[in-house]
Amino acid sequence: MITVAALQTLPEFGKTEHNLKGIAQLFPQKADLVVLPELFNTGYQFLEKKELFDLAEAEDGPTIQFLQKLAIEHQAAIVAGLPLRKGDEVTNSAILVDASGLRARYDKLHLFYRENELFLKGNVAPPVIDLGFAKIGLMICFDWIFPEVSRSLALRGADIIAHPANLVLPFCQDAMITRSLENHLFTITANRVGSENRWKETLSFTGKSQISSWNGNRLVQAGSSQEMLITAMIEPMEAREKKINTYNDLFAMRHKDPILCD
Ligand code: ACM
């Protein structure tokens with residue numbers, strides 16, 4: 001069994017140092033995998049590209065260095081969402097860091113709403129990282145509405161999907177139960193709470209971070225307004241069995257032929 005966790009946070013826009021301190025305070029003493037929200041270090045509602053570029057960091061910047069220090073201190077793997085520079089542009093990214101350093105970077109493929117005006121869209125499939133005790137797939141927030149993202153991670157061997165989020169719609173938490181069920185794997189959604197009204201409208205974030213099992217059980221869920229840590233003990237190897245009875249293997253019986261696919 002391993003311990004997995006999600007941190008539900010309330011970042012203050014633009015106050016990276018303050019937001020990192022908050023993570024250090026909430027961080028679990030002992031966990032194998034800890035997932036933080038999307039854009040956890042900066043906040044969400046950027047006004048324009050220059051502001052975003054100024055707050056974004058390089059892969060050797062202070063935020064990833066801070067996460068690696070935490071990973072060493074707690075012997076944990078950490079998945080976190082943050083804006084990362086790519087040339088003159090910025091991607092909305094998720095990274096996996098452990099005691100050995102930066103293991104993977106994923107640039108969000110499906111940008112939500114005004115993110116399309118601000119960020120450079122990713123163009124590479126999300127990674128699956130083998131940590132030995134489990135294979136971890138990465139996706140970010142709005143990727144939830146495209147079932148092919150979680151399917152692709154599952155087909156490439158993910159036991160757990162780590163899902164940093166800044167959710168404003170109320171549907172994702174239930175949809176992730178389905179993503180778990182249809183792929184027979186664990187999902188960890190780390191969302192934020194609070195609201196931002198820096199631009200023309202107020203965005204309110206829905207919290208309810210959750211950890212879901214391969215059988216659709218919601219193992220634990222946070223509330224909708226407080227910062228908090230949620231944890232669960234899971235056996236990742238349970239996700240490797242895709243047979244749900246003698247007749248039905250969820251992966252073997254998929255139609256990849258013209259009946260369903262063109
Ligand atoms: C989202 O993708 N941040 C909703």
Side-chain angles (χ1 to χ4, degrees), residues 6-14 16 19 23 35-49 51-53 55-57 63 79-84 86 89-96 105-127 137-153 161-180 187-210 212 221-225 227:
L7 295 194
Q8 176 164 290
T9 60
L10 174 51
E12 278 192 46
F13 185 89
T16 303
N19 296 332
I23 294 298
V35 185
L36 313 185
E38 179 184 14
L39 302 172
F40 86 96
N41 57 338
T42 57
Y44 186 78
Q45 214 176 26
F46 300 92
L47 296 180
E48 33 84 32
K49 279 188 160 198
E51 180 181 62
L52 171 60
F53 189 84
L55 282 167
E57 295 178 23
T63 294
V79 172
L82 74 171
L84 284 178
K86 187 172 183 185
E89 300 270 4
V90 177
T91 56
N92 182 345
S93 302
I95 46 122
L96 190 148
R105 167 181 179 166
Y106 163 57
D107 300 336
K108 189 176 186 181
L109 284 173
H110 302 100
L111 298 173
F112 179 71
Y113 192 44
R114 268 191 79 238
E115 289 172 32
N116 286 284
E117 286 182 15
L118 297 163
F119 291 95
L120 177 69
K121 187 160 74 79
N123 59 6
V124 175
L138 305 187
M139 61 185 239
I140 305 176
C141 205
F142 194 49
D143 284 334
W144 70 267
I145 210 167
F146 303 90
E148 54 271 31
V149 178
S150 49
R151 179 67 97 198
S152 161
L153 293 169
I161 291 179
H163 179 215
N166 271 192
L167 295 160
V168 292
L169 300 176
F171 313 111
C172 170
Q173 291 86 343
D174 287 341
M176 289 308 288
I177 300 292
T178 305
R179 298 288 96 85
S180 275
T187 60
I188 305 172
T189 296
N191 193 15
R192 61 161 287 181
V193 293
S195 55
E196 290 185 11
N197 59 357
R198 307 187 66 249
W199 196 59
K200 289 179 190 164
E201 66 205 311
T202 302
L203 290 180
S204 294
F205 301 93
T206 56
K208 294 189 172 179
S209 298
Q210 69 180 22
S212 164
Q221 186 168 45
S224 54
S225 56
E227 287 196 297

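Numbering of ligands and ligand atoms starts at 1, following listing order.
- Protein neighbours of ligand 1 below 4.0 Å, counting non-hydrogen atoms: Glu38, Tyr44, Lys108, Phe112, Glu115, Cys141, Phe142, Asn166.
- Proximity of Val168 to Ser204: side-chain heavy atoms (C-beta onward) are nowhere separated by under 4.5 Å.
- Under the 3.5 Å distance criterion, the side-chain polar atoms of His163 are matched with a main-chain donor or acceptor of Cys141.
- Contacts of Lys121 classified as salt bridge (charged side-chain N to carboxylate O under 4.0 Å, His left out), with partners at least two apart in sequence or in another chain: none.
- The cationic atom of Arg179 (NZ for Lys, CZ for Arg) does not lie both less than 6.0 Å from the six-membered ring centre of Trp144 and within 45° of the ring axis.
- Legend: salt bridge (charged side-chain N to carboxylate O under 4.0 Å, His left out) pairs involving residues 36-46, not counting sequence neighbours, sorted by first then second residue: Glu38-Lys108.
- Judged as a ring-ring contact (aromatic ring centres under 6.0 Å, His included), and not counting sequence neighbours, Phe119 has no contacts.
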